[in-house]
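Quantities reported herein were computed from a predicted structural model and do not represent experimental measurements.
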Amino acid sequence: MPYLPAVKLRRHLFEFEDLPWFPAVIRAGMMDYLRFMISLLGTYRPVAPLLAQGLRHTHQTHLLELGAGAGGGTETVLAALRAQGLPTATITLTDLYPQPAAWADVARRTAGAIQGHAAPVDALAVPAGLAGLRVIFSAFHHFAPPQAEALLHDAVASGQGVGVFEGAAKSWLEVGLALTVLPVAQLLLTPFFRPFRLSRLVFTYLLPIIPLATMWDGTVSILRMYPPEALLALAHRADPAGRYYWRAGQLRHWWGPRVTYLVGWPTAPAG
């Protein structure tokens, strides 16, 4: 394969799904697409050993997912954790914009092992009653550096482990895919998304707002992404006392794509 240069710049442009006024029906359609693709491709399956290590170190079996969107890929993560020897693993989905219909569908398919939290949750100030190893999939890039640092600091201040995962590498190849291959896949696969929504078909085929907004947000997501060295720098600023073990890098699927990650948990095991 020819050398494909990484995207060096970081531009914090807007994403439609971040805008408070953005129609919920369009946001839900975009989230349904992301959930389907992440689940279909098993995007986050390679991170299971890291999560299992963090759960065992902190004596937990529960993940608290922040910025969960429609819960894309969470079922794959749950199955992979159980394959890592954690048969009682469970996951709670949270988001600033909850997706109760999508979450209820995931809860049904997993017999309640994955549950949604109905109230909005700010990832920068997680309520004390929501415990568990905090994870965020495909969403950390939404936060500008001060907010990203605050999210990590909130986990440190609460003594909770944290894992940040982006299902891509910051490269021009990924930008090209977001503008070409992935929109075609969205048009071909939309009729198979569940739960069925007539609005999804209308805003994909009659008024193609969902695919156009997805193309923009997908491209901007890559420009916003933090490479591993930037993730570590944020972590060390969020943990100035050095109370946490931090690790960042990239994991590669056997078929090529990469996952960028940061994990951290207290250096002293939970009592």
*Are the aromatic rings of W265 and Y245 close, with centres under 6.0 Å apart?*
yes

_Closest approach of A213 to F22 (non-hydrogen atoms, all atoms of both residues)_ = CB-CZ, 4.2 Å

*Using atom types as modelled and distance alone, determine if a side-chain donor or acceptor of H57 lies under 3.5 Å from a backbone N or O of P266.*
yes

*Which pairs pass ring pair (Phe, Tyr, Trp, His ring centres under 6.0 Å) with one or both residues in residues 96-124, sequence neighbours excluded?*
none

*Can you see which heavy atom on A118 is nearest to which on P98, and at what distance?*
O-CG, 3.4 Å

*What is the minimum heavy-atom distance between A89 and A113, and which atoms define it?*
O-CB, 4.4 Å

*asked:* Working to the nearest 0.5 angstrom, can you tell me the gap between L182 CG and L187 CG?
replied: 11.0 Å

*Do you know which two heavy atoms are closest between L234 and P145, and how far apart they sit?*
CD2-O, 3.7 Å

_Gap between atom CD1 of I222 and atom CG of D217 - 0.5 Å precision_ = 11.5 Å

*Decide yes or no for W246 and V162: does some side-chain heavy atom of the first lie under 4.5 Å from some side-chain heavy atom of the second?*
yes

*So, Y44 and T74: side-chain donor and acceptor under 3.5 Å apart, yes or no?*
no

_Distance check, rounded to the nearest 0.5 Å: L189 atom CG versus T204 atom OG1?_
11.0 Å

*Would you check if there is a donor-acceptor pair between the side chains of Q115 and T92 at a distance under 3.5 Å?*
no

*Passes side chain to side chain contact (heavy atoms under 4.5 Å, CB included), L251 versus V47? Steps please.*
CA-CA 8 Å; L251 299 170; V47 311; 4.1 Å; yes

*From OG1 (T214) to CG (L34), nearest 0.5 Å*: 6.5 Å

*Mind running side chain to side chain contact (heavy atoms under 4.5 Å, CB included) on L212 and W216 for me, showing each step along the way?*
CA-CA 6 Å; L212 290 173; W216 172 266; over 6 Å; no

_Over all atoms of both residues, closest heavy-atom pair of L64 and A131_ = CB-O, 3.8 Å

*Joint hydrophobic cluster, L93 plus L96, side-chain heavy atoms closer than 4.5 Å*: no

*Main-chain N/O of P183 paired to Y33 side chain as donor or acceptor, under 3.5 Å*: no

*asked:* Any donor-acceptor pair under 3.5 Å linking the side-chain atoms of R247 with those of Y261?
replied: yes

_For A150, give me all partners under side-chain contact (heavy atoms from CB on, under 4.5 Å), at least two apart in sequence or on another chain._
L124

*State, yes or no, whether a side-chain contact exists between E166 and V259 at a heavy-atom distance under 4.5 Å.*
no

*asked:* Could you measure the distance from the OG1 atom of T190 to the CG atom of D32? Nearest 0.5 Å is fine.
replied: 9.0 Å

_Is there a side chain to side chain contact (heavy atoms under 4.5 Å, CB included) between L232 and L262? Walk through the geometry before answering._
CA-CA 7 Å; L232 276 178; L262 168 75; 4.1 Å; yes

*Is there side-chain contact between L66 and V135, with at least one heavy-atom pair below 4.5 Å?*
no

_Pairing of R237 and E149 as salt bridge, 4.0 angstrom limit_ = yes

_Any heavy-atom pair between the side chains of R197 and V202 that's under 4.5 Å?_
no

*With the side chain counted from C-beta on, respond yes when V126 and D122 share a heavy-atom pair under 4.5 Å apart, and no when they do not.*
no

_Ring geometry between F143 and F140 (parallel below 30°, tilted from 30 to 60°, perpendicular above 60°)_ = tilted

*Run the numbers on Q186 and M37 for side chain to side chain contact (heavy atoms under 4.5 Å, CB included), then give the verdict.*
CA-CA 9 Å; Q186 187 170 19; M37 293 301 293; over 6 Å; no

*Does a side-chain heavy-atom distance below 4.5 Å link Q53 with Q84?*
no

*When rounded to the nearest 0.5 angstrom, what is the spacing between OG in S199 and CG in L207?*
12.0 Å

*asked:* If you define the side chain from C-beta out and look only at heavy atoms, does anything of I136 sit under 4.5 Å from E65?
replied: no

*Could you tell me whether the side chains of R134 and Q160 share a donor-acceptor contact shorter than 3.5 Å?*
no

*For E75, check side-chain contact (heavy atoms from CB on, under 4.5 Å) against everything at least two apart and list the hits.*
V106, R109, T110, I114

_Among H62, R56, Q60, the one residue meeting side chain to side chain donor-acceptor pair (under 3.5 Å) with T58_ = Q60

*Is L63 close to L55 at the side-chain level, that is, under 4.5 Å between some pair of heavy atoms?*
yes

*Between A52 and L81, which heavy-atom pair has the shortest distance, and what is it?*
N-CD2, 3.8 Å

*asked:* Students often mix this up, so state it plainly: with edges at 30° and 60°, are the rings of F165 and F137 parallel, tilted or perpendicular?
replied: parallel

_Does either side chain, that of H141 or that of E15, offer a donor lying less than 3.5 Å from an acceptor on the other one?_
yes

